[in-house]
Protein chains: 2
Amino acid sequence: MPQTDDHSDDRGRPTVEDTVLGDLIGYRLKRAYMQIQPEAQRVLAEDDLRVVSFSCLSIIADNTGIVQSELADALQMERSNLVVIIDELEQRGLITRKKVPTDRRRYALTATLRGRRLRDRAAEKVRTAEDQIIGRLDDKDRAHLMAVLQRLEDKAR
Amino acid sequence: MPQTDDHSDDRGRPTVEDTVLGDLIGYRLKRAYMQIQPEAQRVLAEDDLRVVSFSCLSIIADNTGIVQSELADALQMERSNLVVIIDELEQRGLITRKKVPTDRRRYALTATLRGRRLRDRAAEKVRTAEDQIIGRLDDKDRAHLMAVLQRLEDKAR
DNA sequence: GGATAATAGTTATAGTCAATAACTATTAAT
DNA sequence: ATTAATAGTTATTGACTATAACTATTATCC
């Protein structure tokens, strides 16, 4: 009987039971995310971007004139934590900030040409990295996954 | 033309474009997780558990005699960060720690009856909370989601 | 029209969490 | 028997998130 109680198989791979935990959506989501995130972080770091600054840049690129509050809403983060990120993107010449004439409290954010190009390139790299990790989870499953995740997100609100 | 450029619809709902970002698996996973996590945290807090301590307790309950290194491996966390969590679970009488006679470096972890009961109850509550959030995403989609996430996780290694 | 509320952006700060290094005790490898 | 590696522990650090407090500006409502 080769099955011992040391919780590992013959290849040293853990065989830890997690049926209860593993049946929770939150657990599976987090673990799946933990596979992807470090790689995304790595490729983005090559362009001196963090995941969060890439996300900001990407939303700004697709929503010319968006203001910080709206951006914070969209990314579900605190306005206050956005400030330094926006500062850096502006200093690097990836976005511009200009006062909204009709409401001088607000700043309209716009991606520069450099910003848009960097976004496009970075997005492509992240997408490629993801594809390598998931071993080209076939297109149908990928599409279904994305649709279900999107719905899950929508339902939650 | 009611469509303005303020990135919100008539109900104040944001209509921010995120096609590039939204097509990344990592982004969708994170956002889906962010819907679930706070609720899981909330129901677990009712039993003075954090997500991570619940996860530990659950794995221990299903793997009698597991040692800390194996647990850290299973949950993909650092051994060092486990220590305080294990300490607390032991102090609360939810698990026991006893030296492994054949290897005195290791401690065998076992859930007590109280520990197992708490785990079962807490898992049930988390599961219920998840179901409420996802609005009973139908069983077929749920099963498919879990299967794909599991595969995604496996492929990544 | 003027007092009061709310909103946008900012700053500073505190709490949480994960990662790292260094250490002791014990076992495995050569 | 010496050297390596492993298990658990402690302390510390850096990153990230949340919160409160503040200024400037706009919206609300008597």
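Quick note on labels: first sequence line is chain A, next is B, and so on, each numbered from 1.
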For the residue pair Q76(B) and R31(A), confirm or rule out a side-chain donor-acceptor distance under 3.5 Å. yes
Is the shortest distance from a Lys or Arg side-chain nitrogen in D138(B) or K140(B) to a carboxylate oxygen in the other one below 4.0 Å? no
Heavy-atom nearest nucleotide on DNA chain D for A108(B) versus M77(A): which residue maps closer to 5'? A108(B)
Pairing stems for DNA chain D [at least three consecutive pairs; Watson-Crick or G-U; under 3.5 angstrom]: C:1-4 with D:27-30, C:6-26 with D:5-25, C:28-30 with D:1-3
Please list, by residue number, the residues of residues 81-97 of chain B whose heavy atoms come closer than 4.0 Å to an atom of DNA chain D; answer none if no residue qualifies. V83(B), R97(B)
At less than 4.0 Å, is any side-chain N or O atom of R79(B) found next to OP1 or OP2 of dA19(C)? Yes or no. no
Can you check dA5(C) for me, syn or anti if syn means within 90° of 0? syn
Under a 3.5 Å distance rule, please check whether R116(B) uses its side chain to pair with a backbone N or O of A111(B) as donor and acceptor. yes
In terms of base orientation, is dA4(D) syn or anti, with the syn window spanning 90° either side of 0? syn
Short N-O contact, E70(A) and R106(A), less than 4.0 angstrom: yes
Under a 4.0 Å threshold between the charged nitrogen and the carboxylate oxygen, would D23(B) count as salt-bridged to R28(B)? no
Stepwise side chain to side chain donor-acceptor pair (under 3.5 Å) check, Q68(B) with R79(B): CA-CA 7 Å; Q68(B) 288 176 217; R79(B) 302 194 303 310; over 6 Å; no
Under 4.0 Å, heavy atoms only, any strand: does S69(A) hit a base, just the sugar-phosphate, or nothing? sugar-phosphate
Do R92(A) and D48(A) make a side-chain contact, defined as non-hydrogen atoms from C-beta onward lying under 4.5 Å apart? yes
May I ask you to check whether D154(A) and Q150(A) show a side-chain donor-acceptor distance below 3.5 Å? yes
Nearest-nucleotide comparison on DNA chain D, the residue closer to the 5′ end among Q41(A) and K99(A): Q41(A)
Test of understanding: clusters of I, L, V, M, F, W, Y form through side-chain heavy atoms closer than 4.5 Å, transitively. Do V52(B) and V20(A) belong to the same one? no
Please determine whether a side-chain nitrogen of the Lys or Arg among R127(B) and E130(B) lies less than 4.0 Å from a carboxylate oxygen of the Asp or Glu. no
Contact interval (first through last nucleotide) of DNA chain D with protein chain B, 4.0 Å heavy-atom: dA5(D) to dT10(D)
Closest-nucleotide ordering on DNA chain C, the 5'-leading residue of R105(A) and Q68(A): R105(A)
Are Y27(A) and I36(B) side-chain neighbours, meaning at least one heavy-atom pair lies under 4.5 Å? no
